[in-house]
Amino acid sequence: MARYLEINKKQTKEETWEEPFYLNMGPQHPSTHGVLRLFLELEGETIVNCDPIIGYLHRGVEKLSENLNYNQTIVLSDRLDYIASAANNTVFALAFEKLIGLEVPRRAKLLRTIVCEMARICNHLLWLATHALDIGAMTVFLYCFRDREWLLNIYEKICGARLTHSYVRVGGVRQDFTKEIIEELYRFTEEFPSRIYDYETLIDVNRIWLRRTKGIAVVPAEQAINLGLTGPVLRGSGVPYDVRKFRPYDAYGEVDFIVPTGKNGDTYDRYRVRMEELRQSNRIIRQCLDKLPETEGEPVLAENAPDLLIPEKVKEPKPQPVPKKGVIFRGVDRPIVPSGEAFASIESPKGELAVYVVSSGSNKPWRLRIRTPSFVHISAIPYMAKNHMIADLIAIIGTLDIVLGDSDR
Amino acid sequence: MEGSIEKFIFTLIVAIIILVIALLHVAYLTYAERKIIARMQQRLGPNRVGPRGLLQPIADMLKLLTKEDITPYGVDKPIFYIAPFISLVCAGTGVALIPLWENLILSNINVGLLFILALSSLASYGVILSGWGSNSRYAFLGGLRASAQVISYEIAMSLSLLSVVLMAGSLNLMDIVKAQINSPYKIYLIPQIIAFYVFIISAVAECNRVPFDLPEAETELVAGYFVEYSAMRFAIFYLAEYFGMVIMSALAVTCFLGGWVGPFEVPYVPFFWFLLKLYILLFIYIWVRATLPRYRYDQLMGLGWKVLIPVALINLFLTAFLKLIF
Amino acid sequence: MKELLNRLKEKFSNVILEIQEKDYPTIICKRNGFLDFMEYLRNGEGFKYLIDLTGVDYLNYPQKNFEERFEVVYHLYNLDNKILLRIKVRISENDNWQYSVTYLWKTANWFERECYDMFGINFKGHPNLKRILMPDDWEGHPLRKDYPLYLEEEQEWINYKEFIQKIKTS
């Protein structure tokens, strides 16, 4: 017994330090919105350190697109931010158009704007749904999905796909809207504001919701810019930076909308900003729809837009030998793209989505860099989550609105 | 001797009947919850197994029974195995003490209320032990949250029930109901509205239900304390949770809503009013779940210690004071 | 815009190699004195927002008119007067390191990690330079032009066998 006590004494003397409590959140976790892994150092329930680890969804889009021609990369872009793929298509198309020097017809610009704003509504609805679900309000989730379903059905009518619609093309869009779609969109825009009001009544007056969101993860404006936060997250901190206003693209120059900003830069303000953006998006769609009859009959694809390059027929359908290095896809080489570089950025629903493309004069990009908002937002999690609780971390992940397909590329 | 054996067998049969009824209630409570929440969320809910999905709970139970029971590597086996049963037994035993009707109570003991409170406190041991024994960090955090939560809400609940005891002058549940019937308002809800409010909130917290479902908090701790459990043990935790809901609602009916009395007597079904009140309370549980977001851990403790316990204490002193005067 | 470029050219004539007019004004810098230049841009000219930081590999680029292999490209933005600047630094293969700008823009932290991961460009002064998208034990830098797209033969994940052994023995 005495000996045991002695050992015990010795151990307690040596182990004066306390081992921190580590928690591995993810990659499989219901509220990390994909395969984000957060390595947490906890003290009780308070986060002392947080280390986000990404790369579980890395598919090498940047490398892949170096071996595909320009129109094919647009299909890849669908898979980045799969919640709002129209925005990704648009930024790719914008960059390539800048490189080629294409002028897009006005009707195509209007259609693109409509599709992008639809993507924004889709994304914000999904964001609201998951954010509310993370905080524990279950009913909002299904209400939002109901309306998102409506939009997805419209998407299906537009281009046949619900999620990965490669609708936007280099030089315009794939095909024109039918009358039916325009009518459906009018119906939607009329109905939608009342739906937003519904959501707000569901959670905006809820005291638990307010306590869970107000004063959580406050980012001052200066720090938000330094961290590279963009989109609603930055605007929630009171910086009215919106690419749609600062460097207008497509038809955003000719429509009228307000850029909502918050004051405190907390989770609640970001929520307010996004709710207001839903209304503004609805307004933009409405204005674009009103302008569509002016451009009736115009083409939706520029005349000198690059064709879809048809792959050579594989002569032997039998087991293929391993392809040579550096050749994934053999297309008809037709240099339509001058050598040079271009940078295009848009206001994607999640933040600033930018593409930097370097061309060598062939039909494939030499280097395609995609700057995605989710990547930057995840890198801000450690700064935001410090000294918050686990429950707040969930709210932070929700409020940043990240998609791991977007961040890992 | 003869009489006692007969009495024993009779009690046993009644016990089995009541247990089966209670289990059916629990099973169909899950069905009701799914259906009601589905309606509130504009969807259909279970509708494939049997007419209107009525056989869904039974199908679920069969499915869970036939699944593989996984014991993860590195768990503390005895604790891991026994924890769900602690939860279930502690939650289920309470059925015996609830007076369904004047002549229908399994064990009419003098300290019924105290016994139920003790059982519900013991039930938290199941949660804590499962959190500890699972050798998982999520489960551990869940267990810690559960212990803190149960301790703080137990106090508020006991204090609110104490004022009822003061008014009735007895810990026997039967006597409490009878005292209510003889009181001027017939039910204690009216004089003890504050206690009722505190009791309902702490009962929701005690059962780990939304908005106080922190120990399991699906979006934070995955499933909290039972994250490592599978098959039947998992089902037992579920059973215990819903049992807890039924018992807490029944206790509220007994202590605040006047048990089996109603505005008029329903022939042949003496406990009609009891069940009706029980169902209304259970509906409130489900309604709350469909509506509210989840509290944060510190906010939850703050609500318990800074609001509910002081309110219950003041109410208790007021009751005692008034009782002393009149 | 022109004023700004002239001002920069005067002030940092020893850093700026060339100013090109492309879709956005492009400044090509030397590595020496680069940090001072960036610091001036951030604090003196108000380029508070670093949109993007990336690398480009120009190995066997057909229209190449410089020697170095890599370029590190910065896109800076001034939120007040809406000017976007592109800054490039050329880095040769044998001497592939660049100054880290993490202490100026926290955004650069992960961008530089990604650049290191994909191109193998070392960033001096970076607080935590390790791989970000690829696994820690990955060999090679995938976005380099000489990175093989197809493996010569089936290769197992390097530590896979050890990993299996470890699990079996534990």
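In what follows, chains are A, B, ... by sequence order, proteins preceding strands, each numbered from 1.
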For Arg144(C), does its backbone N or O pair with a side-chain atom of Lys63(A) as donor and acceptor, under 3.5 Å? yes
Got a second to check how far Asp117(C)'s CG is from His58(A)'s NE2, nearest 0.5 Å? 7.0 Å
Structural part of [X] lying under 4.5 Å from a heavy atom of chain A:
X        : answer
Leu84(C) : side chain
Arg86(C) : side chain
Tyr24(C) : side chain

Is any residue of residues 29-48 of chain C within less than 4.5 Å of chain A by heavy atoms, and which ones? Arg42(C), Lys48(C)
Can you name the residues of residues 67-83 of chain C that have some heavy atom under 4.5 Å away from a heavy atom in chain A? Val73(C), His75(C), Tyr77(C), Leu79(C), Lys82(C)
Shortest non-hydrogen contact from Gly340(A) toward Tyr61(C): N-OH, 4.1 Å
Please enumerate all residues that pass side chain to side chain contact (heavy atoms under 4.5 Å, CB included) together with Ile19(C), with sequence neighbours excluded. Leu5(C), Lys9(C), Ile16(C), Ile27(C)
Using the side chain to side chain contact (heavy atoms under 4.5 Å, CB included) criterion, which residues pair with Ala224(A)? Sequence neighbours excluded. Val219(A), Leu229(A), Leu234(A), Ser237(A)
So that I can tick it off, tell me whether Glu114(C) and Arg371(A) are bridged by a salt bridge, with the cut-off set at under 4.0 angstrom between side-chain N and carboxylate O. no
Of the listed residues (Ile132(C), Asp57(C), Leu50(C)), which shares the most heavy-atom pairs with chain A below a 4.5 Å separation? Ile132(C)
